[in-house]
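Contents: one structure, followed by commentary.
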Amino acid sequence: MIHYKSNEEISIIRESALLVSKTLGMLSSEIKPGVAPLHLDKLAEAFIRDHNGVPGFLGMYGFPNTLCTSINEQVVHGIPTKKPLQDGDIISIDCGVVMNGFYGDHAFTFEVGEVAEDVRQLLKITHESLELGIAACKEGNRIEDIGYAVQTHAETHGYGVVRELVGHGLGKSMHEDPQVPNYGRRGRGKKIKEGLVVAIEPMINLGTHRVKHLPDGWNIVTADGKPSAHFEHDVAVVNGKPEVLSTFDFIYEAIGKPSYM
Ligand code: MG
Ligand code: MG
């Protein structure tokens, strides 16, 4: 069942979405070759608690950390390790918080040092896919219109759209109805209505759309070992239109806009 949110509830979710956005902004200037993802995780946990939030992923379904840090061929749900980042890596950082009883959920794929041109292009198109998905999240459309927009843009560029993992409703739970796949057919799925709040999060692979689950039960990697990108925003339908509650502006203020923009 979909819980449509009141304006008051959307205001509270916006606070949570802003805190995850600020957390990624704070982390962005720390991301460089030689830095361990586990260090980023500890910084994020302290930052969230200092701002009266609680890490949303820590302990959820038994997840051991504040951040999911997914490097190169890791798609999502990477567990932060002590292995230092290397020049040319990409790292997708996904972060959740809960504050005042509502969740925020947000992700960005960062470049570490100098990244190969084909990988930078993947980031650009994934980013654009997210923007197109958000634009489709409006009254008069249906849920699959979001995925249709994402999929069309990504596949036009020859990329693989991950099927097994999807966006989702967001509120008092991190994962609520409806599921928001990054693929779909035009005009299918539930009607998009006022008060809908969803996390839209394309996961796009440089190669095949297929993924593999690693034995640790968390890590999901591309089946062909090629890189994968992940960007996520929290979006509310207000006055019939998409309103983005999270923002990449804190990242851009800290390290500038990515060179592909
Ligand atoms: Mg997320
Ligand atoms: Mg999510």
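Atoms within a ligand are numbered from 1 in the order they appear, just like the ligands themselves. Residue indices begin at 1 and follow the sequence shown.
The same ILVMFWY cluster, assembled from side-chain heavy atoms under 4.5 Å apart, contains both I31 and Y260. One hydrophobic cluster holds both L43 and V20 under the rule that ILVMFWY side chains link at heavy-atom gaps under 4.5 Å. With hydrophobic clusters built from ILVMFWY side chains whose heavy atoms lie under 4.5 angstrom apart, I48 shares a cluster with I93. Linking ILVMFWY side-chain heavy atoms closer than 4.5 Å, directly or via other members, places L24 and L130 in a single hydrophobic cluster.
Geometrically, R185 does not engage Y148 in a cation-pi contact, judged by NZ or CZ lying under 6.0 Å from the ring centre and within 45° of the ring axis.
Listing protein N, O or S atoms at distances below 2.8 Å from the Mg ion (ligand 2), with waters left out, gives D105 OD2, H168 NE2, E201 OE2, E232 OE2.
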Yes or no on side-chain contact (heavy atoms from CB on, under 4.5 Å) for F248 and H233, after CA distance, side-chain angles and deciding distance? CA-CA 9 Å; F248 296 142; H233 268 318; 3.2 Å; yes
